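Worth saying up front: this structure is predicted, and the values here are computed from it rather than measured. Letters go in sequence order (proteins before strands), and every chain restarts at 1.
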2 protein chains.
Amino acid sequence: MKEPGEAGPESPRVRIKDVAVAAGVSTATVSLAYNNKGEVAAATRKKVLAVGEGLGYQPNPSGRALRTGQTRILGVLVSYRDSPVWQETYLPYYRGIISDAAIEAMDHGYSVVAASPKPGNLAESIAQLDGAIVVDPLDNDAIVDHCAARGIPLVADGGFVGGRRADKQMVVRGDVERYVHDILDLTAQQHHTRTGRPLGSAALFTGSIIDRYTADTEAAFSSWCAANAVDARVTALEPGGAVTEVARRILATDRPEAVYCLNESYSGAIISAARALELGIPDDVLLSSAATSEQAIRDPRVNYVESADAEGPGRRAVRLLVNYLESAVQEDATVAFRLRPAVAPTPLR
Amino acid sequence: MKEPGEAGPESPRVRIKDVAVAAGVSTATVSLAYNNKGEVAAATRKKVLAVGEGLGYQPNPSGRALRTGQTRILGVLVSYRDSPVWQETYLPYYRGIISDAAIEAMDHGYSVVAASPKPGNLAESIAQLDGAIVVDPLDNDAIVDHCAARGIPLVADGGFVGGRRADKQMVVRGDVERYVHDILDLTAQQHHTRTGRPLGSAALFTGSIIDRYTADTEAAFSSWCAANAVDARVTALEPGGAVTEVARRILATDRPEAVYCLNESYSGAIISAARALELGIPDDVLLSSAATSEQAIRDPRVNYVESADAEGPGRRAVRLLVNYLESAVQEDATVAFRLRPAVAPTPLR
DNA sequence: ATGAAAGCGCTAACAG
DNA sequence: CTGTTAGCGCTTTCAT
């Protein structure tokens, strides 16, 4: 095993003491200078920094963390769910959050560790965190409890089931009700333009309701349909269920005039199923979908609702966290979404 | 600022000493027990572990890291490139690598930090790493140098430009030449089946050659075209260039019989451009593409080449790293790719 | 304004 | 087999 002091022949790791000696000051002064703290003569600080630079000094994060109790590491966490559904729905979204969070965090001098702890691994696998982002927490989420027990500030992306939350906990989420209603308004209007008749039926392709986002989507869908006298059909993909199977069933059995999908995995499946059933989009069925992963290729025949700018939930969540950590302001955020209507009503060739 | 000992009223942080006292042994014994090291009586170990469990003891990673010099943190790093091209091409791939690496790392007791350091941020922003995965390193990559200077083991995903590498450096990459040749063989065969004539021209939609993957793809494309007497047209998206613009140019100006794209962003642009130009896929132009992001929706009219199993480069890279860290075996890996031929030669409706 | 020294939590020599 | 002890690199009183 490698010894503490030894970092390989490549680089005689330079410590704070080396800088102190080289600059002719004490380690305390070096520390003060590097952290812009206490009263250090401007000239001294300048010299110390110059010497440190010259030596390639890099404060050791472990030493600092041990002393201060802060790691400047944020966790992006999502409960691991051992099902194909998880892969289809959470993973793509999770991926986007991670990279967005990583990029935003860096601008504030933080790092991001990504983890999807299986039940057993939980504690062992998470480094000491200054804060955490939990993606679509479940009801009674083990990760949330874990963080709460350790006093780790946390932002729930998507919100908490039932809205319950403890101290040091924040929320970032889209205004689900508003945009679901907006996209259904758009759909109804498209249907009317095409057929001259009001929309009569709509289907929701959703997952099992285990998180706030799913619950909110279904509630918004149902309330809109009720308010607009549209026949509402909700079909949930059960854990272990096959996406293509459900898509086919929705189209073949229900024959709705419009379908709204929780994410692009589902709308992708609908697209395939429509082709198999020789149903035209949007001629035979209007298709709309939430766009949860920035990367998925958009189908121009589909109405999407997507995060309105580069300012997606991942970045927003990090800023909430950093703000809390550095200024003790604890607040929630709503991220803006916008409609991206279908642009190619003409069939793809 | 929070004091070291204090972790909030929620949890009186339990240290190794607490466990030692409660178990009636010394801290050394607790440490040994927890790390399965040295000679500890089985009964003692069992008792210590039980007591620790009861108290909710969780070894402090900072303390451990300070002492051992190891953090059990791996970095997934990619040079930040401040251009739209970066967003289109590297970011999606980077995202996939991060989440794959995070999941694999956890199974080995490591965490993954994701960072895309801008030139200035470099050193400041990266935690102390036990190892690093650098995604498609540039020639003379700053991150690679940074790690080399600190003796941090590293795996280059995609390989090094020019193949040059230092000690402690490993490589994971796809067998680019083979699969590019395979997909072009397939394309030629499809063309022959459709038209009865041999393929006469093919275009490559690529990026500026700055990394190994891009260089290898272009080399393989060119060599195949030369060997098969196919007219080769290579068009690179320059930094700052518009993807849609290039796609249109390739189709409108070159009018190739087939196009191969470096990633799905490019093939997505070709699909849109084809629609705008009223060119049918595959009727007027055969389209093939590398599938670099697992999440992108596949167009059934396109031939893809994709990572052959869940065992993608992210997971493989982590295993290489862990293997080196724990067993000092330094080896490279090749990840398998497979063809996913177009499944719907009939037009989408 | 600066330095000396204590100690964060842990592991690894070394004694016993 | 187990305990004592010395520090890993850093920050932070407390003197000076």
Rounded off to whole Å, could you give me the [atom1]-to-[atom2] distance for the [X] and [N] pair?
{"X": "B/Leu32", "N": "C/dC14", "atom1": "CG", "atom2": "C1'", "answer": "13 Å"}
{"X": "A/Arg15", "N": "D/dG7", "atom1": "CZ", "atom2": "P", "answer": "13 Å"}
{"X": "A/Tyr57", "N": "D/dT11", "atom1": "OH", "atom2": "C1'", "answer": "10 Å"}
{"X": "B/Asn60", "N": "C/dG7", "atom1": "CG", "atom2": "C1'", "answer": "14 Å"}
{"X": "A/Lys17", "N": "C/dG3", "atom1": "NZ", "atom2": "P", "answer": "14 Å"}
{"X": "A/Leu66", "N": "D/dT12", "atom1": "CG", "atom2": "C1'", "answer": "14 Å"}
{"X": "A/Lys47", "N": "C/dT2", "atom1": "NZ", "atom2": "C1'", "answer": "14 Å"}
{"X": "A/Glu39", "N": "D/dC14", "atom1": "CD", "atom2": "P", "answer": "16 Å"}

(request) For B/Ser62 and for B/Ala28, locate the closest nucleotide of DNA chain C by heavy-atom distance; then report the residue assigned to the nucleotide nearer the 5' terminus. (result) B/Ser62
(message) Can you tell whether the side chains of B/Arg72 and B/Glu326 come within less than 4.0 Å, N to carboxylate O?
(response) yes
(request) Could you tell me whether A/Tyr34 contacts a base, only the sugar-phosphate backbone, or nothing, with contacts defined as non-hydrogen atoms closer than 4.0 Å? (result) nothing
(request) For the residue pair A/Pro137 and A/Ile143, establish whether any side-chain heavy-atom pair is separated by less than 4.5 Å. (result) no
When you measure from the side chain of [X], which nucleotide among [options] comes out closest?
{"X": "A/Lys37", "options": "D/dC10, D/dT11, D/dT12", "value": "D/dT12"}
{"X": "A/Ile16", "options": "C/dA1, D/dC10, C/dA5", "value": "D/dC10"}
{"X": "A/Ser26", "options": "C/dG3, D/dG3, C/dG7", "value": "C/dG3"}

(request) Without swapping roles, check the side chain of A/Asn323 against the backbone of A/Leu320 for a donor-acceptor pair under 3.5 Å. (result) no
(message) Quick check: closest heavy atoms across A/Val144 and A/Leu154, and the distance to 0.1 Å?
(response) CA-CD1, 4.0 Å
(request) Can you see which heavy atom on A/Leu325 is nearest to which on A/Asp130, and at what distance? (result) CD2-O, 3.3 Å
(request) With rounding to the nearest 0.5 Å, note down the distance linking CZ in B/Arg315 to CD in B/Glu104. (result) 4.5 Å
(message) Taking the axis from the first five pairs and the axis from the last five, what angle separates them in the helix from C/dA1-D/dT16 to C/dG16-D/dC1, rounded to 10 degrees?
(response) 40°
(message) Testing the 3.5 Å rule here: is there a donor-acceptor pair between the side chains of B/Asp136 and B/Tyr93?
(response) no
